[in-house]
Asks: 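Structure incoming, see below.
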Amino acid sequence: MPDLVVIDTNVLQKANAPLNQRARPDSKFARRLHLLQRLQQRRLTALISRRLLAEYRQQVPEPRNDFVRAFFELLTNGGATANYCRWTGQRRNDARHCRFPREHYHVLRTAICDARSTILTEEDRMLATDAWIHRRLRVHVKDPTV
């Protein structure tokens, strides 16, 4: 089974640049595009929620390259798994205790499931919580460009 991932909006925004020339293979931009390509090839499975999809559409209103366009098509054509866990008092307390940024709780809720999942983000405040969030909620928080 492919790994389950939740793509934070900042990764998608940074991947949404016009492809005027070939990106250097070791650049962060190329790594973001490779991530979107792995999703398209179904080597990874995206977890999605209505709230996260609405955020994607608001923050990336117009795809500027084929990779981002294909990502949106994947989400709307059933290529992603819908998930949004119940936000029990214990999970909320765990997220608060781990200092996960409150404005990104919807990303964390999308990632919590019975299988192993990972939030892919480039935001330092979220990345700093990886060990604690994994210990309490079994979700990793990783930088896809590292």
Asks: Are any non-hydrogen side-chain atoms of Ile7 and Leu35 less than 4.5 angstrom apart?
Replies: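 Yes; the side chains approach each other to less than 4.5 Å.
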Asks: Which distance, rounded to the nearest 0.5 Å, do you find between the CD of Gln37 and the CZ of Phe71?
Replies: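 If we round to the nearest 0.5 Å, Gln37:CD and Phe71:CZ are 14.5 Å apart.
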Asks: Could you tell me which non-hydrogen atom of Ala111 sits nearest to which non-hydrogen atom of Asn83, and how far apart they are?
Replies: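 Closest heavy-atom pair between Ala111 and Asn83: C-ND2, 4.3 Å.
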Asks: Measure the spacing between CG of Asn16 and CG of Leu33 and express it to the nearest 0.5 Å.
Replies: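 Those atoms lie 10.0 Å apart.
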Asks: Side-chain contact test, heavy atoms from C-beta onward, threshold under 4.5 Å: evaluate it for Phe29 versus Leu19 and give yes or no.
Replies: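 In short, these two side chains touch, coming nearer than 4.5 Å.
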Asks: How close do Ile133 and Cys98 get, counting heavy atoms only, and between which atoms?
Replies: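 Where Ile133 meets Cys98 most closely, the heavy atoms are CD1-CB, 3.7 Å.
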Asks: With a 4.5 Å heavy-atom cut-off, do Val68 and Val60 have their side chains touching?
Replies: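 Of all side-chain heavy-atom pairs linking Val60 with Val68, at least one is under 4.5 Å.
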Asks: If only atom types and distance count, is the side chain of Asp3 paired as donor or acceptor with the main-chain N or O of Leu44 below 3.5 Å?
Replies: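 Side chain of Asp3 to backbone of Leu44: no pair is present.
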Asks: Quick check: closest heavy atoms across Ala115 and Leu4, and the distance to 0.1 Å?
Replies: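 Looking at all heavy atoms of both residues, the shortest contact is CB-CD1, 3.7 Å.
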Asks: Look at the rings of Trp87 and Tyr105 and say which category their plane angle falls in: under 30° parallel, 30 to 60° tilted, over 60° perpendicular.
Replies: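 Plane angle between 30° and 60°, so tilted.
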Asks: Strictly by modelled atom types, are Glu55 and Thr9 linked by a side-chain donor-acceptor pair under 3.5 Å?
Replies: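 Per modelled atom types, Glu55 and Thr9 side chains form a pair under 3.5 Å.
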Asks: Counting only heavy atoms not in Asp26, do more than 12 fall under 6.0 Å of its CG?
Replies: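 Yes, the 6.0 Å shell around CG holds more than 12 heavy atoms from other groups.
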Asks: Please tell me whether Leu74 and Ile48 are part of a single hydrophobic cluster in this structure, the criterion being side-chain heavy atoms less than 4.5 Å apart.
Replies: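 They do share one cluster, since a chain of ILVMFWY contacts under 4.5 Å joins Leu74 to Ile48.
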Asks: Using a 4.5 Å cut-off on heavy atoms from C-beta on, say whether the side chain of Phe100 contacts that of Val139.
Replies: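 A side-chain contact under 4.5 Å is absent here.
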Asks: Report yes if some heavy atom in the side chain of Leu52 is under 4.5 Å from a heavy atom in the side chain of Tyr84; otherwise report no.
Replies: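 Result no, sub-4.5 Å side-chain heavy-atom pair not found.
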Asks: Is the closest side-chain heavy-atom distance between His140 and Asp130 below 4.5 Å?
Replies: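 Side chain of His140 against side chain of Asp130, heavy atoms only: contact under 4.5 Å found.
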Asks: What residue among Arg32, Lys28, Lys142 forms salt bridge (charged side-chain N to carboxylate O under 4.0 Å, His left out) with Glu122?
Replies: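 Going through Arg32, Lys28, Lys142 one by one, the salt bridge (charged side-chain N to carboxylate O under 4.0 Å, His left out) with Glu122 is satisfied by Arg32 alone.
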Asks: So does Pro18 get a backbone contact from the side chain of Arg64, meaning a donor-acceptor N/O pair under 3.5 Å?
Replies: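 No; judged by distance alone, with no hydrogens or angles, the pair does not exist.
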Asks: Look at atom CZ of Arg24 and say whether more than 12 heavy atoms of other residues, nucleotides or ligands are closer to it than 6.0 Å.
Replies: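 No.
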Asks: Look at Asp66 together with Arg69 and state whether they make a salt bridge at an N to O cut-off of under 4.0 Å.
Replies: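 Result for this pair is yes, salt bridge flagged.
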Asks: Checking Phe67 against Leu39 for the side-chain contact (heavy atoms from CB on, under 4.5 Å) test, could you report, in this order, the C-alpha distance in whole Å, the side-chain angles of both residues, the deciding distance, and whether it holds?
Replies: CA-CA 10 Å; Phe67 293 94; Leu39 285 163; over 6 Å; no
Asks: If hydrophobic clusters are built from ILVMFWY residues whose side chains come within less than 4.5 Å, do Phe72 and Val5 share one?
Replies: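 Cluster IDs for Phe72 and Val5 match.
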Asks: How far apart are the closest heavy atoms of Leu75 and Ala80, and which atoms are they?
Replies: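 Smallest heavy-atom distance, with atoms named: CD2-CB, 3.6 Å.
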Asks: Under the side-chain contact (heavy atoms from CB on, under 4.5 Å) criterion, do Leu12 and Leu36 qualify, and how do the steps go?
Replies: CA-CA 9 Å; Leu12 194 58; Leu36 295 177; 4.3 Å; yes
Asks: Measuring only between side-chain heavy atoms, which start at C-beta, is Pro101 closer than 4.5 Å to Met126?
Replies: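 Yes; the side chains approach each other to less than 4.5 Å.
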Asks: Only one of Gln90, Arg92, His97, Arg96 passes side-chain hydrogen bond (donor to acceptor under 3.5 Å, both in side chains) with Asp94; say which it is.
Replies: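 Single pass found, and it is Gln90.
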Asks: CG of Leu108 to CD1 of Ile119: how many Å apart, nearest 0.5 Å?
Replies: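 That separation rounds to 5.0 Å.
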Asks: Is it true that Trp132 and Leu137 fall in one hydrophobic cluster, defined by side-chain heavy atoms closer than 4.5 Å?
Replies: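 Result: no, two separate clusters.
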Asks: Please list, chain by chain and in numerical order, all residues satisfying salt bridge (charged side-chain N to carboxylate O under 4.0 Å, His left out) with Arg125, sequence neighbours excluded.
Replies: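 Salt bridge (charged side-chain N to carboxylate O under 4.0 Å, His left out) check on Arg125 returns Glu103, Glu123.
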Asks: Is any side-chain heavy atom of Arg91 closer than 4.5 Å to a side-chain heavy atom of Arg136?
Replies: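 The answer is no, as the side chains (C-beta and beyond) never meet within the 4.5 Å cut-off.
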